Enquirer: 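Here it is, the structure in full.
In each ligand, atom 1 is the first atom listed, and ligand 1 is the first ligand listed. Because the structure is predicted, anything quoted here is derived from the model rather than measured. We use all heavy atoms of the structure for the numbers below, so side chains are in, but hydrogens, waters and symmetry mates are not.
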Amino acid sequence: MDIKTDSERARDDFLAAIEDAVALDALEQVRIAALGKKGRISELMRGLGKMSNEERQVAGPLLNGLKREIGEAIEARKTALEAAALEARLAEERLDVTAPVRPEMSGTVHPIAQVLDEVTEIFADMGFSVAEGPDIETDFHNFTALNIPPEHPARQMHDTFYLPEKEDGSQLVLRTHTSPVQIRTMMAKQPPHRIVIPGRTYRCDYDMTHTPMFHQIEGLVIDRETHMGHLKGCLIDFARAFFEVDDLLLRFRPSYFPFTEPSAEVDIGCSFKAGEFRIGHQGGPEDDWMEILGCGMVHPKVLENCGLDPAEYQGFAFGMGIDRIAMLKYGIRDLRGFFDSDLRWLRHYGFAALDAPTLGQGLSR
Ligand code: DAH
């Protein structure tokens with residue numbers, strides 16, 4: 001057989017085999033069979049050495065041409081196969097944007113944050129703005145200026161946390177109520193005042209309904225002609241909006257606070273029918289009252305302590321436990337759960353962030 005025939009056969013065989021190779025590893029087998037060390041074309045090339053000069057002048061270009069042609073055909077096929085493989089992978093790995101999302105766990109709004117929002121929203125509707133003050137207070141702001149001088153028995157009602165005594169004998173306290181911010185506000189600015197003061201408060205106490213840290217919201221209105229009727233109207237409107245009972249009855253029960261005169265505690269109507277607590281009177285023998293806040297007309301001495309003339313300015317104030325009204329509204333029995341950071345509790349009592357039931361509706365309901 002002459003070299004020309006050999007070369008043409010090899011060419012036809014390999015071009016067909018390259019065409020037939022449908023995968024990269026099959027193509028690699030073809031390359032080894034053709035151009036590998038012991039490949040058919042390599043064998044043919046080795047034959048050149050034994051040829052005469054004339055024979056080699058014909059066979060040399062022929063075999064070199066064959067080697068190049070097969071090499072190029074393999075490369076072209078390889079590129080095509082790789083492109084097809086990539087294509088297949090892309091098709092297979094395509095993102096399915098319609099697939100449902102994984103059930104990620106989302107956080108919830110803590111009932112205290114929720115209730116603080118609800119309460120401030122309602123008072124904002126009545127034209128109140130929010131004021132804040134420090135958690136660590138002076139004795140003056142927390143007690144003395146509020147008409148609770150050092151020997152006053154009311155100090156004992158406040159199981160106060162005291163900070164270490166300073167060199168001059170004075171002692172800072174963790175504020176036992178939000179009332180000191182009344183003093184700060186009246187001393188900083190001229191009336192009229194219409195503010196609510198939400199914040200943390202501290203007392204040395206711990207049981208089902210008391211924790212050493214808790215939350216209050218304070219209200220203060222000071223103007224030239226403010227009277228008890230304003231106080232009552234304001235708190236009645238608030239309680240009806242907050243508890244979402246339009247005809248909710250409120251009872252203003254005479255009481256005592258050093259910083260107000262007269263003073264009252266406010267109860268809301270409720271009932272305990274068959275052991276079940278409901279807000280609002282139901283018209284039966286189970287109807288009862290539940291205390292929700294303290295209030296009163298700001299004591300003339302407090303006004304004087306802040307540099308105001310009681311003959312010119314009067315006003316009212318109130319203070320309410322946020323945690324307590326949150327428990328009442330949302331049926332939470334043990335206050336301590338609020339601060340245990342137990343995720344099961346939070347998931348149960350928490351509010352969806354975009355689903356706050358009363359937030360943004362306030363009095364307009
Ligand atoms: N500061 C009182 C407390 O913590 C609550 C309170 C009662 C605040 C009457 C007031 C008020 O502003 O007028 O028990």
Enquirer: Does atom CD of E225 have more than 12 heavy-atom neighbours, drawn from other residues, nucleotides or ligands, at distances under 6.0 Å?
Expert: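 No, CD of E225 has 12 or fewer neighbouring heavy atoms, counting only those of other groups under 6.0 Å.
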Enquirer: Using a strict 4.0 Å threshold on nitrogen-to-oxygen distance, state whether E137 and R184 make a salt bridge.
Expert: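 The answer is yes: the pair qualifies as a salt bridge.
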Enquirer: Just jot down the salt bridge (Lys or Arg N to Asp or Glu O under 4.0 Å) partners of E276, sequence neighbours excluded, or say none.
Expert: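 Here no residue qualifies.
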Enquirer: Quick check on contacts: which atoms of ligand 1 are under 4.0 angstrom from a heavy atom of A317?
Expert: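 The atoms of ligand 1 under 4.0 Å from a heavy atom of A317 are 12 (O), 13 (O).
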Enquirer: Pull out every atom of ligand 1 sitting under 4.0 Å from any heavy atom of T260, numbered as shown with elements.
Expert: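 Reading through ligand 1 atom by atom, the close ones are 13 (O).
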Enquirer: Numbering the atoms of ligand 1 from 1, which are under 4.0 Å from a heavy atom of C295?
Expert: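 By the 4.0 Å cutoff, the relevant atoms are 9 (C), 11 (C), 13 (O).
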Enquirer: I need the atoms of ligand 1 closer than 4.0 Å to a non-hydrogen atom of S179, numbered in the order shown.
Expert: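 In order of numbering, the contacting atoms are 1 (N), 8 (C).
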Enquirer: At what distance is the nearest protein heavy atom to atom 5 (C) of ligand 1, and which residue and atom is it?
Expert: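 For atom 5 (C) of ligand 1, the nearest protein heavy atom comes out as G319 CA, 4.0 Å.
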Enquirer: Give the atoms of ligand 1, by number and element, whose distance to some non-hydrogen atom of Q182 is under 4.0 Å.
Expert: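 Going through ligand 1 atom by atom, the ones under 4.0 Å from Q182 are 12 (O).
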Enquirer: Check this for me, if you would: do D342 and R344 make a salt bridge, where the nitrogen-to-carboxylate-oxygen distance has to be below 4.0 angstrom?
Expert: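 A salt bridge links D342 with R344.
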Enquirer: Do the rings of W345 and Y349 sit parallel, tilted or perpendicular, given the 30° and 60° boundaries?
Expert: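 It falls in the tilted class, 30° to 60°.
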Enquirer: Is the terminal nitrogen or CZ of R336 (NZ for Lys, CZ for Arg) located under 6.0 angstrom from the six-membered ring centre of Y206 and within 45° of that ring's axis?
Expert: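 Yes, R336 sits over the ring of Y206.
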Enquirer: Atom 2 (C) of ligand 1: which protein heavy atom is closest, and how many Å away?
Expert: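 Ranking protein heavy atoms by distance from atom 2 (C) of ligand 1, first comes F259 CZ, 3.8 Å.
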Enquirer: Atom 12 (O) of ligand 1: which protein heavy atom is closest, and how many Å away?
Expert: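 Answer, as residue, atom name and distance: E218 OE2, 2.6 Å.
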Enquirer: Show your working on side-chain hydrogen bond (donor to acceptor under 3.5 Å, both in side chains) between D139 and S170 and close with a plain yes or no.
Expert: CA-CA 8 Å; D139 186 279; S170 70; over 6 Å; no
Enquirer: State the atoms of ligand 1, each with its element, that fall below the 4.0 Å cut-off from a heavy-atom position in F257.
Expert: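 Listed by number with element, the hits are 7 (C), 9 (C).
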Enquirer: Can you list the ligand 1 atoms lying under 4.0 Å from a non-hydrogen atom of G296?
Expert: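 Selected atoms, number and element: 13 (O).
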Enquirer: Taking non-hydrogen atoms only, is F318 closer than 4.0 angstrom to ligand 1 via side chain, backbone, both or neither?
Expert: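 Only the backbone of F318 comes within reach of ligand 1.
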Enquirer: Nearest protein heavy atom to atom 3 (C) of ligand 1, by residue and atom, and its distance?
Expert: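 The answer is R203 NH2, 3.6 Å.
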Enquirer: Is the cationic atom of K329 (NZ for Lys, CZ for Arg) positioned less than 6.0 Å from the six-membered ring centroid of F243 and within 45 degrees of its normal?
Expert: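 No, K329 and F243 do not form such a contact.
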Enquirer: Taking the inter-plane angle between the rings of H110 and F339 on a 0 to 90° scale, is it parallel (under 30°), tilted (30 to 60°) or perpendicular (over 60°)?
Expert: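 Parallel.
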Enquirer: Can you list the ligand 1 atoms lying under 4.0 Å from a non-hydrogen atom of Q216?
Expert: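 Per the distance check, 3 (C), 4 (O).
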